[in-house]
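These notes are about the structure you will find just below.
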Number of protein chains: 2
Amino acid sequence: MEMATRRERLRAQTREEAKAAALRQIAAAGPQSLSLNAIGKELGMSGPALYRYFAGRDELLTELISDGYHDLADAVEAAGEAAAGAAPADRIRALTRAYREWALAQPHRYLLLFGTPVPGYEAPAHTTRAATRTLSAFLGPIAALGPDSRAAALEGQFEAGLADRDPDHPWSGPVLRLGVTGWTRMHGVVSLEVEGHFTQMGFDPGLLFEAEVESLIAEAAGSEAG
Amino acid sequence: MEMATRRERLRAQTREEAKAAALRQIAAAGPQSLSLNAIGKELGMSGPALYRYFAGRDELLTELISDGYHDLADAVEAAGEAAAGAAPADRIRALTRAYREWALAQPHRYLLLFGTPVPGYEAPAHTTRAATRTLSAFLGPIAALGPDSRAAALEGQFEAGLADRDPDHPWSGPVLRLGVTGWTRMHGVVSLEVEGHFTQMGFDPGLLFEAEVESLIAEAAGSEAG
DNA sequence: AACCTGAGTTAGAGCTTCTAACTAACACAA
DNA sequence: TTGTGTTAGTTAGAAGCTCTAACTCAGGTT
């Protein structure tokens, strides 16, 4: 176990403080408001000092996005583990709830991941792996519900597409279809919610989200719950 | 019929040219890249000249968003009118196809409407009306399929929420629920698609979108198509 | 103590939004 | 045609941004 020098510890701490300040700015006024000069002012140093810690504004943003993907994956996986002994439907409910709660707790971070792409950002491989982790957490309980094939061409594409990257993957086409479908449905509700599109409509988005989860569960179980 | 003066015509033309240049910038590098100076340079005038035409950058963006809402509503309504004589399911297919095609033809505009909110933008009432027009186009054919009640609390909220704004509205709770659900599902697929989240996954997003449309139709018709 | 490395600053280039003051062009009335 | 008012367009500049280069200082190691 390598002990960090004092200098290394201080450097890491400064980096984390800068990232936290950056997220506060983004939470207040969106990604375009991110300003290295303003972060420097908040930390009690000059803006250009931050170029000692990050190659530039793009690298800072890239790290924030990467952190977000990992954090979301961790939260969803933790919910899956906490519900490991439950029935598949309850596990899906727990997983979907964790997804939405993570987004509602930090909408600005959710929109960094899944909102309008920020120019200059490149997704490194480990970010893609974290995104895959989030989605994969749903596949086990969906498979346990035993979904039927509903769209053979599409399901074939999912199987082949994933096989290109992971030839030993255990998931059937219908499971993959419902995994991705579940993601698009969660995202559809959550993104419109955090963006404020529902505020004038007079309904509780949580109820709509739950209705969508129940619809997905019913579809995966092969029938429509009456 | 009031004839526009030459000055008025030229003014309107300059405004349209500025808006077109703005959209080209946004298409190339996202909303934050929008620069009045760069638009001025492209039109052959100084940046500050544009303050004669728009109160500021925010007003220009606000107009672009407003234009987008109206354009989308027009496109969806036109598809609904073109399919007016068809069966309800076919009308829904035409409407949803128009929604997705509009987004894919101009993803930068779609993300202006439904991506990460741009700071400084305020939705004027006529924008909200255009958004309502888009959603309303779906309600007729959904109602014609005769959907059952599935989530009474949620449906009651939809009815009451819309009644606050339009007491004479003819739509039942289940119709409103499926209208909004259809929107969230379309948006879930289209937004992840235009943002590039599906590109490494090896499937055709058009097939996924169609599968979601068929699922919505089956749900509205009160059975799962086998 | 001397040397090296990393942290931090300042100055400045080149960009932005926006305002104020000015000039020029256009439209209209007498 | 001339005079007046309005609008279009420019320039200068304030205040902000990202980023780089050159410099100084502080901390760590030998």
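Letters go in sequence order (proteins before strands), and every chain restarts at 1.
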_Please report the distance, rounded to the nearest Å, between CD in A:Q25 and P in D:dG16._
14 Å
_Test of understanding: with salt bridge (charged side-chain N to carboxylate O under 4.0 Å, His left out), list the residues that count as partners of B:D67, not counting sequence neighbours._
B:K19
_Spacing between B:R52 atom CZ and C:dA21 atom C1', to the nearest angstrom_ = 11 Å
Restricting to nitrogen or oxygen on both sides, can you table the protein-nucleotides 14-20 of chain C pairs closer than 3.5 Å?
| unit_1 | atom_1 | unit_2 | atom_2 | d |
| --- | --- | --- | --- | --- |
| C:dT16 | OP1 | B:S35 | OG | 3.1 |
| C:dT16 | OP2 | B:N37 | ND2 | 3.4 |
| C:dT17 | OP1 | B:L34 | O | 3.3 |
| C:dT17 | OP1 | B:L36 | N | 2.8 |
| C:dT17 | OP2 | B:L36 | N | 3.2 |
| C:dT17 | OP2 | B:N37 | N | 3.2 |
| C:dC18 | OP2 | B:Y51 | OH | 3.1 |
| C:dC18 | OP2 | B:R57 | N | 2.8 |

*Would you mind reading off the distance between A:E59 atom CD and D:dT20 atom P, rounded to a whole angstrom?*
12 Å
*asked:* Test of understanding: with salt bridge (charged side-chain N to carboxylate O under 4.0 Å, His left out), list the residues that count as partners of B:E77, not counting sequence neighbours.
replied: B:R133
_Partner set under salt bridge (charged side-chain N to carboxylate O under 4.0 Å, His left out) for B:R52, not counting sequence neighbours_ = none
*Using the ring of each side chain (for Trp, its six-membered ring), is A:H187 parallel, tilted or perpendicular to A:Y110, with breaks at 30° and 60°?*
tilted
_Looking at A:E63 and A:R15, is any side-chain nitrogen of the basic one under 4.0 Å from a carboxylate oxygen of the acidic one?_
yes
_A:R177 to A:F158 six-membered ring, cation-pi geometry met (6.0 Å, 45°)_ = no
_Among residues 5-21 of chain A, which ones have heavy-atom contacts with DNA chain C below 4.0 Å?_
A:R7, A:R11
*Taking only residues two or more places apart in sequence, or in another chain, which ones meet A:E212 in a side-chain hydrogen bond (donor to acceptor under 3.5 Å, both in side chains)?*
B:R185
*When the distance from CG of B:L43 to P of D:dG9 is rounded to whole Å, what number comes out?*
10 Å
_I need the CG-C1' distance between A:L50 and C:dA7, as an integer number of Å._
11 Å
*Whole Å only: how far is the CD atom of A:E42 from the P atom of D:dC17?*
13 Å
*asked:* How many whole angstroms separate atom CD1 of A:I39 from atom P of D:dG16?
replied: 17 Å
*Answer yes or no: is there an ion pair linking B:R93 with B:E214, defined by an N-O contact shorter than 4.0 Å?*
yes
